[in-house]
Amino acid sequence: VFGKDVTLILILNNLSSDHKTVKVDMSASTVLYTRRAVAEIMKATTSVDLGSKQGKHIRLKIPYSYYGKYLTTDKRIQVTALCEVMNMHGVKLLVEKTIILEDTNIIIKIPRQIVVNRAVTLEISYANPLPEPVSRCVLLVTLMNQQVKINLAPLAPRERSKIYFEFTPRRAGPLQLQVDFSCDKFAHVKGFVTIAVAPA
């Protein structure tokens with residue numbers, strides 16, 4: 001989840017009956033959705049001894065403090081592990097994984113029944129998932145082809161807050177509400193909901 005430390009486990013298995021030593025070079029970078037690297041955020045090298053038919057786990061922890069300021073709006077981290085079996089004349093294995101960090105920031109609550117030409121109040125809840133305060137918070141609400149920009153108070157670390165948003169639907173059928181939350185530390189955390197409007 002965005003704002004928290006990321007923990008990964010690499011599993012190495014020796015399928016042969018011979019003892020093996022494996023050198024593992026691990027690295028992590030923030031990337032765009034095109035997989036183009038933005039910044040390298042971590043590099044680590046370790047060596048693992050594997051006995052006959054033995055398996056071992058290697059844990060890799062990427063703290064938020066390493067990736068936070070380098071993450072793009074794509075919220076992607078690519079981790080690679082180059083595993084080299086020593087004394088095996090260049091036997092190598094490359095493992096890659098792209099992690100997409102989830103947002104759990106926006107929660108939109110709508111009434112059970114929404115009717116044409118009757119005012120509706122929605123509850124929009126938003127949060128700061130980071131271990132540090134954020135300021136310059138802005139909520140952009142898009143509904144019925146109109147955008148409303150709402151300036152919000154700063155949020156303390158891990159704080160959740162909410163606002164109430166009122167509107168009156170003018171026609172029956174589905175309406176899409178989009179919420180976009182930005183602040184000084186991250187941008188464009190989005191929430192969507194489809195609202196079913198009943199005839200009067």
Side-chain angles (χ1 to χ4, degrees), residues 1-8 28-34 36 38-39 41 61-78 98-200:
V1 176
F2 173 60
K4 296 196 173 169
D5 297 348
V6 177
T7 302
L8 300 165
S29 298
T30 55
V31 292
L32 301 173
Y33 73 95
T34 57
R36 188 167 74 82
V38 176
I41 52 174
K61 186 175 180 180
I62 308 170
Y64 164 73
S65 58
Y66 284 29
Y67 73 78
K69 61 180 177 225
Y70 299 111
L71 209 60
T72 69
T73 52
D74 295 333
K75 294 186 176 63
R76 289 170 188 253
I77 296 173
Q78 185 164 325
T98 302
I99 301 152
I100 302 170
L101 299 174
E102 289 178 17
D103 285 322
T104 54
N105 283 11
I106 306 286
I107 299 167
I108 303 165
K109 290 184 181 173
I110 57 175
R112 192 165 292 158
Q113 192 178 30
I114 296 174
V115 179
V116 169
N117 295 327
R118 197 178 296 167
V120 183
T121 301
L122 308 176
E123 182 185 291
I124 301 172
S125 166
Y126 54 95
N128 171 16
L130 307 184
E132 57 190 329
V134 297
S135 59
R136 298 201 299 276
C137 303
V138 176
L139 210 58
L140 201 61
V141 180
T142 307
L143 181 68
M144 299 187 294
N145 297 321
Q146 292 190 328
Q147 280 193 337
V148 179
K149 182 179 176 183
I150 305 163
N151 292 311
L152 306 166
L155 291 172
R158 313 268 189 227
E159 183 184 359
R160 179 168 283 281
S161 190
K162 59 189 170 189
I163 62 160
Y164 294 93
F165 181 79
E166 187 178 286
F167 76 99
T168 303
R170 296 300 178 203
R171 60 181 176 79
L175 275 181
Q176 182 153 73
L177 171 79
Q178 179 181 317
V179 178
D180 186 313
F181 177 58
S182 294
C183 65
D184 65 331
K185 299 281 192 320
F186 55 86
H188 306 304
V189 173
K190 296 180 188 293
F192 300 90
V193 70
T194 300
I195 300 167
V197 181

Margin query: Taking side chain to side chain donor-acceptor pair (under 3.5 Å) as the cut-off, I'd like each qualifying pair that reaches into residues 137-150, sequence neighbours left out, listed once.
Written below: Thr142-Gln147
Next item on the list: Just grab all the side chain to side chain donor-acceptor pair (under 3.5 Å) pairs involving residues 169-179, residues at least two apart or on different chains.
Entry: Asn117-Arg170
Heavy atoms of other groups near [X] [atom1], more than 12 under 6.0 Å:
| X | atom1 | answer |
| --- | --- | --- |
| Tyr70 | OH | no |
| Tyr66 | OH | no |
| Arg118 | CZ | no |

State, to 0.1 Å, how close [X] and [Y] come at their nearest heavy-atom pair, and which atoms those are.
| X | Y | value |
| --- | --- | --- |
| Val197 | Pro169 | CG1-CB, 3.8 Å |
| Lys185 | Pro133 | NZ-O, 3.3 Å |
| Ser135 | Cys183 | O-CB, 3.4 Å |
| Ala172 | Val116 | N-CG2, 3.2 Å |
| Cys137 | Phe181 | CB-CE1, 3.8 Å |
| Phe186 | Ala127 | CZ-O, 4.2 Å |

Item checked: Test side-chain contact (heavy atoms from CB on, under 4.5 Å) applied to Asn151 and Leu139, step by step -> CA-CA 6 Å; Asn151 292 311; Leu139 210 58; over 6 Å; no
Notebook entry, point to check: Between the side chain of Asn128 and the main-chain N/O of Ala156, is any donor-acceptor distance below 3.5 Å?
Noted result: yes
Notebook entry, point to check: Does the Asp5 side chain pair with the main chain of Tyr64, one donor and one acceptor, at a distance under 3.5 Å?
Noted result: yes
Margin query: I'd like to check the salt bridge (Lys or Arg N to Asp or Glu O under 4.0 Å) partners of Lys109; sequence neighbours left out, ordered by chain and number.
Written below: Glu123
Item checked: Pair Arg76, Thr30: side-chain N/O donor-acceptor within cut-off below 3.5 Å -> no
Distance check, rounded to the nearest 0.5 Å: [X] atom [atom1] versus [Y] atom [atom2]?
| X | Y | atom1 | atom2 | answer |
| --- | --- | --- | --- | --- |
| Leu122 | Lys162 | CG | NZ | 13.5 Å |
| Ile106 | Phe192 | CD1 | CZ | 10.5 Å |
| Ile62 | Ser29 | CD1 | OG | 9.5 Å |
| Ile124 | Ile110 | CD1 | CD1 | 11.0 Å |
| Thr121 | Ile114 | OG1 | CD1 | 10.0 Å |
| Leu177 | Met144 | CG | CE | 10.0 Å |

Next item on the list: Applying side-chain contact (heavy atoms from CB on, under 4.5 Å), run through Ile77 and Leu101 and close with a yes or a no.
Entry: CA-CA 8 Å; Ile77 296 173; Leu101 299 174; 4.1 Å; yes
Note to self: Before you tell me yes or no, could you show the steps for Val38 and Val31 under side-chain contact (heavy atoms from CB on, under 4.5 Å), namely the whole-Å CA-CA distance, both residues' side-chain angles and the distance that decides it to 0.1 Å?
What the structure shows: CA-CA 5 Å; Val38 176; Val31 292; 5.6 Å; no
Item checked: Sole residue of Ile107, Val189, Val179, Leu155 in side chain to side chain contact (heavy atoms under 4.5 Å, CB included) with Tyr126 -> Leu155
